[in-house]
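Data block below; observations after.
We count residues from 1, following the sequence as given. Worth knowing before you read on, the calculation uses all heavy atoms, side chains too, and leaves out hydrogens, waters and symmetry mates.
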Amino acid sequence: MTTIVTPYLLRTPQPSLLVNEDMRINQREFSTVALSAGGIAFPADKFLVYSDSVGITVSRDSDSPPISMLGYKSVACAKIESTSAGALGELSTAFNIEGSDGLALVDNKIITFSFAAKFNYAGQFSVGIRNSNNTASYVKPFSIISGGDWNMYSMTLSVDYDTAGGTWNFGRAALMGFVLGLGNTFATTSTYETWLTGNTPYAVGNTSLKGASGRIAKFCGLKAELGAQRTPLIQIPITEAQDRCQRYYQRNPILFGAALNATTQYFTWPFKTEMVANPTVNLLSTTPNSEHPPFSVSKVGAGSGITSHVGTGGCDMSITGFTGLTTNSPSMLYNNNVEAVCF
């Protein structure tokens, strides 16, 4: 059963199983994105939104619950809005329980999941959990109150994770998320609160956010903890929160390297924090900004591409698309031209 709660329960605060649950870290400098069909967006580090339909806008919003509700001042919330009515199968969010914490689920088997939400419409929704290799799913429905005010919700999930048969993965033991779509068949049945085969953490009967244009859902103050009672969120220092997020995602600082030839620059990038696995390294723009030599002549790439060799502690990369470089002369790559992604 889903309950609405306002006061804290008088228990010793328990650590959260989630990363960046208070949404302070925003390395992608996210603002607003209109999702394409099958598109994703990150309104905060470790908080992913996916839609199989167009007509959904995701933003990082300054609206937040009162301090009396969360116990701390939130800096942002995730806002998901329908910009047109229409068909919608899956609209879901995702945030992961780390493998080191997930091991504890085998013994404890109970998670209390709490969150603040603000909807301008009412209906049935669900929380889904997938195991680390996406072969088993668990779902629990809940109801949201309309009215345009922030409310705190809490639910207990009796998750016998050991029966899910997941592959233990230090980076991700399980993937949790809200489901805001109309709902598809959950595995081969609509059975709730039990592990079923299949990577389908959603259920029949949900209320669709795209049922009408202008429907809005906001989320903030997420917490998943072991045990059957909700406790206040323990805000860890911002530097520690950043380190935890950078195990999954980083953007480059200013990097120094050299020109391999007249069109290609070479850089090494020692990661700020060792990542949970070898990341994928992407060029964020086909017109990356650099200087060659440093602090002298601006060099902007055109139709640039990237080739990299990657480990968990760093990478080296060559970036093409420049002109007029002097072989073996120093170069400098500006901030936020390249990203390293695990999740």
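- L180 has its side chain within reach of I80: a pair of non-hydrogen atoms, C-beta onward, lies under 4.5 Å apart.
- Between the T57 side chain and the E81 main chain, no donor and acceptor come within less than 3.5 Å of each other.
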**Item:** Audit row: Q265, S318, side chain to side chain donor-acceptor pair (under 3.5 Å) steps and yes/no
**Value:** CA-CA 6 Å; Q265 300 191 57; S318 57; over 6 Å; no

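- Residue S290 holds its OG atom at 12.0 Å from CD1 of I254, rounded to the nearest 0.5 Å.
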**L35 vs V58, side-chain contact (heavy atoms from CB on, under 4.5 Å): CA-CA, chis, key distance, verdict** = CA-CA 7 Å; L35 291 180; V58 180; 3.8 Å; yes

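- S59 and D61 share no donor-acceptor pair across their side chains, judged by distance under 3.5 Å alone.
- Under a hydrophobic-cluster definition in which Ile, Leu, Val, Met, Phe, Trp and Tyr are linked whenever side-chain heavy atoms come within less than 4.5 Å, directly or via other members, F219 and I216 are assigned to different clusters.
- You'll find the side chain of F178 stays beyond 4.5 Å of the side chain of F125, heavy atoms only.
- Panel note: side chain E240, backbone I236; no donor-acceptor pair is recorded below 3.5 Å.
- Seen from the ring of F42, R28 counts as a face-on cation partner, given the 6.0 Å and 45° thresholds.
- Side-chain contact between I144 and Y153 is present, with at least one heavy-atom pair separated by less than 4.5 Å.
- Between the side chain of N278 and the backbone N or O of T312 there is at least one donor-acceptor pair closer than 3.5 Å.
- In this structure, R215 fails the cation-pi test against F119, since its NZ or CZ atom is not both closer than 6.0 Å to the six-membered ring centre and inside 45 degrees of the ring normal.
- Under the 4.5 Å side-chain heavy-atom criterion for ILVMFWY residues, a single connected hydrophobic cluster contains both L283 and V310.
- Under the 4.5 Å side-chain criterion, counting only non-hydrogen atoms from C-beta, L325 is not in contact with T263.
- T112 and Q229 share no donor-acceptor pair across their side chains, judged by distance under 3.5 Å alone.
- Looking at D316 and S308, their side chains never come closer than 4.5 Å, going by heavy atoms from C-beta outward.
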**Request:** Walk me through it: do Y50 and T93 pass the test side-chain contact (heavy atoms from CB on, under 4.5 Å)?
**Result:** CA-CA 6 Å; Y50 167 86; T93 69; over 6 Å; no

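- Under a 3.5 Å cut-off, the side chain of Q250 and the backbone N or O of T273 do form a donor-acceptor pair.
- Looking at every heavy atom in both residues, V54 comes nearest to A37 through CG1-N, 3.7 Å.
- One hydrophobic cluster holds both I129 and L226 under the rule that ILVMFWY side chains link at heavy-atom gaps under 4.5 Å.
- Here the shortest heavy-atom pairing between K210 and S84 reads NZ-O, 2.8 Å.
- Using a cut-off of 4.0 Å between Lys/Arg side-chain N and Asp/Glu carboxylate O, D149 and K118 are scored as not salt-bridged.
- Looking only at side-chain heavy atoms (C-beta outward), V75 and M23 stay at 4.5 Å or farther from each other.
- A side-chain donor from one of K223 and T231 sits under 3.5 Å from a side-chain acceptor of the other.
- Proximity of T156 to I111: side-chain heavy atoms (C-beta onward) are nowhere separated by under 4.5 Å.
- Note: the hydrophobic cluster containing M275 also contains L255 (ILVMFWY, side chain heavy atoms under 4.5 Å, direct or indirect links).
- Taking all atoms of both residues into account, the shortest heavy-atom contact from N252 to N337 is OD1-N, 2.8 Å.
- Side-chain N/O atoms of S143 and Q124 include no donor and acceptor closer than 3.5 Å.
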**Request:** With side-chain contact (heavy atoms from CB on, under 4.5 Å) as the test, would you mind laying out the steps for L233 and E21 before giving the verdict?
**Result:** CA-CA 9 Å; L233 176 67; E21 58 282 307; 3.3 Å; yes

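- Not less than 6.0 angstrom separates the ring centroid of F95 from the ring centroid of F115.
- Taking the six-membered ring for Trp and the full ring otherwise, F113 and F142 have centroids separated by 6.0 Å or more.
- Note on residues 267-296: pairs passing ring-ring contact (aromatic ring centres under 6.0 Å, His included), not counting sequence neighbours, are W269-F271.
- We find that K140 and E193 are joined by a salt bridge, their nearest charged nitrogen and carboxylate oxygen being less than 4.0 Å apart.
- There is no side-chain donor-acceptor pair under 3.5 Å between S331 and E291.
- No chain of hydrophobic side-chain contacts below 4.5 Å, direct or via other Ile, Leu, Val, Met, Phe, Trp or Tyr residues, connects V297 to V300.
- Pairing each heavy atom of V338 with each of I319, the nearest pair is CG2-CD1, 4.3 Å.
- Of the listed residues (K46, Q27, E339), just one forms a side-chain hydrogen bond (donor to acceptor under 3.5 Å, both in side chains) with Y249, and that residue is E339.
- Donor-acceptor pairing under 3.5 Å is recorded for the side chains of S285 and T287.
- The shortest non-hydrogen separation linking G214 to N120 is O-ND2, 3.0 Å.
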**Message:** Could you walk me through whether K218 and C77 satisfy the side-chain contact (heavy atoms from CB on, under 4.5 Å) test, starting with their C-alpha distance in whole Å, then the side-chain angles of each, then the deciding distance to 0.1 Å, before giving a yes or no?
**Reply:** CA-CA 6 Å; K218 296 181 180 181; C77 73; 4.0 Å; yes

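- Between the side chain of T286 and the backbone N or O of A302, no donor-acceptor pair lies under 3.5 Å.
- At least one donor-acceptor pair under 3.5 Å links the side chain of S16 to the backbone N or O of L18.
- Pairing each heavy atom of S304 with each of T320, the nearest pair is OG-O, 2.6 Å.
- Between P43 and V49 the shortest side-chain heavy-atom distance falls below 4.5 Å.
- The side-chain contact (heavy atoms from CB on, under 4.5 Å) test with Y248 singles out one residue from D45, N20, V341, N96, and that residue is N96.
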